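Any value given below was found using the heavy atoms of this structure, including those in side chains, with hydrogens, waters and symmetry copies removed. Everything quoted here is computed from the prediction, not taken from an experiment.
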Amino acid sequence: MSSLQQVWPEPIVRVQSLSETGVSAVPDRYIKPPSERPSLEPQPVLEETNIPLIDLGDLLVGDDHSTILNQISEACRDWGFFQVVNHGVSVELMHRALQLWAHFFHLPIGEKLIYANSPLTFEGYGSRLGVEKGAILDWSDYFFLNYLPETLRDHNKWPTLPPSLRETVDEYCRELVKLGGTLMKLFSINLGLGEDHLQKAFGGDDIGACMRVNFYPKCPQPDLTLGLSSHSDPGGMTILLPDDHVAGLQVRRGDSWVTVKVAPGAFIINIGDQIQVLSNANYKSVEHRVIVNSAKERVSLAFFYNPKSDLPIGPLKEFVTADFPALYTPTTFNEYRQYIRMKGPRGKSQVESLKCPQ
C-alpha cells in the first residue's frame, strides 16, 4: 500500500466551529447517501435490545471464573461487543478524563489549532479520516494520541490545557492497559489457548496502544449524517468510555442497528480486526457507527489495544486445519491501519480485503 501523504487534500473545516455558527442545514459535504443515513424513528423491538452487560467484580474474588468466562465467550461470538462494570478502573478517573477532554474542545479555536494534525501520523487535533479529495465527511472532530510503545509517546503533542489533562491521560491510559491485559487473558482462555497465548501473539509486553477522543457537536439535521461512519475497528480490541447521558453508538445486528444503552460506570469493549484475523474468524469484529444529536453534544474516549506494529499478524496455527484453512494473509498492523487512514471508515471492507483465495 502506498505511503501516507503529508497534507490534507482540502482545507480542514472544524465541525464544532461549523455547528457553533448556528447553521440550520447540514452542508453537502456531510450528507450521507440515503442507504447510509440513520433511522431516528423509534423501533420497539430494537428498543428492548442491548449489548451484554458483564460484571467483572468476581474476578477479584475466588478462583472460579467460569461464569464470567462463559458470559464473555457468548458476547464475543454473538455480538463482538459487550459492556463491563466493576472493572477495576476508578469511576472518578473516568469522569475526570471525560470532563477534561470536554473542556479541551471548548477552548478557543487557536488553542486547539496548536495541535492540528496531518495525515502522516494523525496525532493531534483532527476533523477527518481518509485523504480522498471530495469524500463525504463525518460530523465530528477528534484528538488522537499515541501511548505505547513508549518510543511513540510524546507528551509535547498532548494538550497543556486544561492544566491537569496530561497527567490524567497518563493515569487513564495506564489503567486501561491493565484492563486490556486482563481481557486478553479471558479471550485467550475462551479460544482454547493458554492464558498468555493471545498476548504473546500481540507482541507480549511490546504492544501498541493509542487513544482517539471523539467530539460530536450538535447537528441541525442528524437524520442526514453520521458522527462516525460504519466500520469495524482495525486494531486488536477497543475499550470505549462513552457519554452515558447521550446515546450515540450503534452496533450492527443483522440488517438492523442497535443503539447501545450504556450502564453507569461501564466501559464498552469490542473485538477488533486483528483478533478476528488471529482467531481465523472464531471471533469477529462487528460494524458500528455513531449517530449525532440536534440538542446535545457528546464526548467519548476510544482506547485501542493493538499488536506490535511491525509484527506480521495472521491466523494462529491452532485455528488452521485441513477443514478450516487460514482465511487471511498475514500483514503487519502498521500496513493494515493505513487502509482506514487513507480511505476512511468503510464497513468491513478492510478485513475482507485480507482474505486468502480459497
Establish, from distance only, whether the side-chain atoms of N334 and D310 form a donor-acceptor pair under 3.5 Å. no
Is a donor from one side chain sitting under 3.5 angstrom from an acceptor on the other, for Y328 and Q276? yes
Report yes if the side chains of I109 and R14 come closer than 4.5 Å at any heavy-atom pair, otherwise no. yes
Quick one about E287 and S232 (side-chain donor to acceptor, distance below 3.5 Å, no hydrogens or angles considered), yes or no? no
Between R212 and T238, is any pair of side-chain heavy atoms under 4.5 Å apart? no
Check for a donor-acceptor pair, side chain of Q83 on one end and backbone N or O of I269 on the other, with a separation under 3.5 Å. no
Does D78 CG have over 12 foreign heavy atoms under 6.0 Å away? yes
Measuring only between side-chain heavy atoms, which start at C-beta, is F82 closer than 4.5 Å to I72? yes
Is K355 paired with E352 through a side-chain N to carboxylate O contact shorter than 4.0 Å? yes
Can you see whether S127 engages D141 through a side-chain donor-acceptor pair at a distance of less than 3.5 angstrom? yes
Electrostatic pair E36-R289, nearest N-O below 4.0 angstrom: no
Flag, side chain of T182 to backbone of K178, donor-acceptor distance under 3.5 Å: yes
Any side-chain heavy atom of V169 sitting closer than 4.5 Å to one from W158? yes
Measure the acute angle between the ring planes of H288 and F81, then classify it against the limits of 30° and 60° as parallel, tilted or perpendicular. perpendicular
Counting distance only, does the side-chain N/O of K157 pair as donor-acceptor with the main-chain N or O of D154 below 3.5 Å? no
Keeping the roles fixed (side chain from Q16, backbone from P217), state whether a donor-acceptor pair exists under 3.5 Å. no
Between H155 and E167, do the side chains contain an N or O donor and an N or O acceptor separated by less than 3.5 Å? no
Do the ring planes of F143 and W101 sit parallel (below 30°), tilted (30 to 60°) or perpendicular (above 60°)? tilted
Is there a side-chain contact between F215 and S140, using heavy atoms and a 4.5 Å cut-off? no
Assess whether a salt bridge exists between K32 and D138, defined as any Lys/Arg side-chain N lying under 4.0 Å from an Asp/Glu carboxylate O. yes
Would you call M184 and D196 a side-chain contact if the rule is heavy atoms closer than 4.5 Å? no
If we only count heavy atoms from C-beta on, is the Y142 to Y125 side-chain gap below 4.5 Å? no
Look at E48 together with K261 and state whether they make a salt bridge at an N to O cut-off of under 4.0 Å. no
Inspect the surroundings of NZ in K348 and state if more than 12 heavy atoms from other residues, nucleotides or ligands are less than 6.0 Å away. yes
If we only count heavy atoms from C-beta on, is the N270 to S285 side-chain gap below 4.5 Å? no
So Y283 and F187, would you call those rings parallel, tilted or perpendicular, with 30° and 60° as cut-offs? perpendicular
Rounded to the nearest 0.5 Å, what separates atom OG1 in T67 from atom CD1 in I54? 11.0 Å
